[in-house]
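A short write-up of the structure that comes next.
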Amino acid sequence: MIKPILVLTLFIVVISALVATVSFLVMQMLDQPTVGEDSGDPGSLPVVYESSNLETTDKPPDATPKALPDRPSAPGSKRPREENGRGQPIVVTFKKPGGEVSFTLKSHDNDLSINDHSGNDLARVAVTEGGQIQFQDTGAKRVGYLAGRFPRFQLSDVDGKGVSFEFRRQSDGDWKLKRPDDTEVCRVGKRDYGWKIEDGSENFLARIKVDDGRTSLRDSTGQVLYYTNDAVDSLSIVPFGMPKLTRGQATALSFALMKAAK
């Protein structure tokens, strides 16, 4: 007869072996990678997107800053057709009577230049980080700034402290160009055809005429000096008919009026 102590010993051995087997199997199962874990096989990773499903709108936005540096490129140099990734500029071409190109205005959101018929910069303006409009004449010198907002603008000298001119709309809708001492330099009156430009003594200087899609700058006798068939705000051409303004000053004021008209 088998002794009870032997039976108990065999029972304990069998139970221990069974527990060890079950524990081994459980550990094997736990060691298997779960769904979504990196098992070392790239094919088992979840697919986030397929490149063929990407549209152009899914691409990151252009990181090129819109604002130009405080110092624009030097006038007198040709500019590339592609403006540093900013796209094609808006171009307004002015021609002489007979159709010969005289000059062009090339503008982006934050700069504008006047170019001659060969593409050389004659003057250029750019918006600074402080929100002023900096302008240069031929010679690549910083010659001044334009500050203010519609309907009042101030043109300052190179150090930005002394105001040279103020261009301001009057209560009747006309505009006046004045010096700091309140001397009237030019008066700009709205007319059915466009704008009439007079000096401070009301002598006729020039006019901006809009007729059937054509905008022209004419002298005091009515003769066409320049014209364009491109879309342009007529008031923005007025500065080029005020002889007391330098080319840079006229370009800066024209740019400010263009932006205000948008």
Side-chain angles (χ1 to χ4, degrees), residues 67-76 92 94 103 105-115 121-171 173-190 195-203 205-208 217 225-226 232-262:
L68 296 179
D70 280 355
R71 184 175 180 84
S73 62
V92 179
F94 284 86
F103 63 93
L105 301 179
K106 296 183 179 181
S107 65
H108 292 89
D109 287 341
N110 289 301
D111 75 292
L112 178 145
S113 66
I114 295 184
N115 304 89
D121 282 358
L122 300 176
R124 190 177 180 193
V125 301
V127 179
T128 68
E129 292 182 358
Q132 290 183 320
I133 295 176
Q134 173 189 302
F135 59 87
Q136 293 178 330
D137 280 308
T138 303
K141 296 180 180 180
R142 293 187 180 186
V143 295
Y145 294 88
L146 181 146
R149 64 181 61 183
F150 191 91
R152 182 184 180 186
F153 305 96
Q154 290 184 332
L155 290 159
S156 301
D157 57 20
V158 68
D159 59 13
K161 297 179 180 179
V163 175
S164 302
F165 298 101
E166 179 182 82
F167 189 60
R168 186 173 187 177
R169 187 175 64 182
Q170 310 302 301
S171 59
D174 289 351
W175 291 75
K176 288 185 178 180
L177 182 72
K178 292 184 176 182
R179 295 192 182 276
D181 61 3
D182 209 37
T183 300
E184 186 176 321
V185 178
C186 284
R187 180 178 302 178
V188 181
K190 186 73 175 73
W195 302 92
K196 181 180 180 180
I197 306 173
E198 299 174 333
D199 65 15
S201 301
E202 299 186 14
N203 296 312
L205 295 175
R207 67 163 57 99
I208 308 298
L217 172 60
L225 300 176
Y226 313 105
V232 64
D233 179 65
S234 60
L235 181 60
S236 68
I237 307 304
V238 165
F240 299 110
M242 296 191 287
K244 294 297 183 180
L245 297 181
T246 67
R247 182 181 290 153
Q249 290 172 332
T251 305
L253 187 54
S254 176
F255 179 62
L257 294 170
M258 285 182 185
K259 290 178 69 68
K262 291 184 178 180

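Just so we're clear, the structure is a prediction, and the values are computed from it rather than from any experiment. Keep in mind that the numbers below use all heavy atoms, side chains included, and drop hydrogens, waters and symmetry copies.
Minimum interatomic distance between Asp109 and Lys259 (heavy atoms only, all atoms of both residues): O-NZ, 2.9 Å. In this structure, Val232 and Ser236 approach most closely via the heavy-atom pair CG2-OG, 3.7 Å. Considering every non-hydrogen atom in both Gly241 and Ala206, the closest pair reads O-CB, 4.1 Å. Between Ser107 and Leu112, the shortest heavy-atom contact is CB-CD1, 3.7 Å.
Between atom CG of residue Leu217 and atom CD1 of residue Ile208 there is a gap of 4.5 Å, rounded to the nearest 0.5 Å. Atoms OG1 and CZ, from Thr251 and Phe240 in turn, are 4.5 Å apart once rounded to the nearest 0.5 Å. Distance CZ/Phe135 to OG/Ser254: 13.0 Å, rounded to 0.5 Å. In this structure, NZ in Lys176 is found 4.5 Å from CZ in Arg187, a value given to the nearest 0.5 Å. Between the SG atom in Cys186 and the CE atom in Met242 there is a gap of 5.5 Å [rounded to 0.5 Å]. The structure places CD1 of Ile133 at 9.0 Å from OG1 of Thr128, a figure rounded to the nearest 0.5 Å.
Using a 4.5 Å heavy-atom cutoff, the side chains of Leu245 and Leu155 are in contact. You'll find the side chain of Leu205 reaches within 4.5 Å of the side chain of Pro243, heavy atoms only. Considering only heavy atoms from C-beta on, Lys244 comes within 4.5 Å of Val185 through its side chain. Side-chain atoms of Val188 and Phe167, non-hydrogen and from C-beta on, do get closer than 4.5 Å to each other. Counting heavy atoms from C-beta outward, Ile114 and Leu105 have side chains that approach closer than 4.5 Å. Side-chain contact between Tyr226 and Ile237 is absent, with no heavy-atom pair separated by less than 4.5 Å. Taking the side chain as every heavy atom from C-beta outward, Pro180 and Glu166 never approach each other to under 4.5 Å. The closest side-chain heavy-atom distance from Gln154 to Tyr145 is not below 4.5 Å.
Side-chain contact check for Asn203 and Ser201: no donor-acceptor pair (N or O, by modelled atom type) lies under 3.5 Å.
In this structure, Glu198 contributes its side chain and Lys196 its backbone to no donor-acceptor pair below 3.5 Å. Side-chain atoms of Asp181 come within 3.5 Å of backbone atoms of Thr183 as a donor-acceptor pair (strictly under, hydrogens ignored). The backbone N or O of Gly248 lies less than 3.5 Å from a partner atom in the side chain of Asp137, making a donor-acceptor pair.
In this structure, Lys178 places its NZ atom where more than 12 heavy-atom neighbours from other residues, nucleotides or ligands lie under 6.0 Å away. Surrounding CZ of Phe103 are more than 12 heavy atoms belonging to other residues, nucleotides or ligands, all under 6.0 Å away.
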May I have the step-by-step check of side chain to side chain contact (heavy atoms under 4.5 Å, CB included) for Ser164 and Gln249, ending in yes or no?
CA-CA 10 Å; Ser164 302; Gln249 290 172 332; 4.2 Å; yes
Report the C-alpha distance between Leu146 and Gln132 in whole Å, list the side-chain angles of each, state the deciding distance to 0.1 Å, and finish with yes or no for side chain to side chain contact (heavy atoms under 4.5 Å, CB included).
CA-CA 6 Å; Leu146 181 146; Gln132 290 183 320; over 6 Å; no
Give the intermediate values and the outcome of side chain to side chain contact (heavy atoms under 4.5 Å, CB included) for residues Arg207 and Trp195.
CA-CA 6 Å; Arg207 67 163 57 99; Trp195 302 92; over 6 Å; no
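Aromatic rings from Trp175 and Phe165 are positioned such that their centres are separated by 6.0 Å or more.
Between Asp111 and Arg124, at least one side-chain nitrogen of the basic residue sits less than 4.0 Å from a carboxylate oxygen of the acidic one, meeting the salt-bridge criterion.
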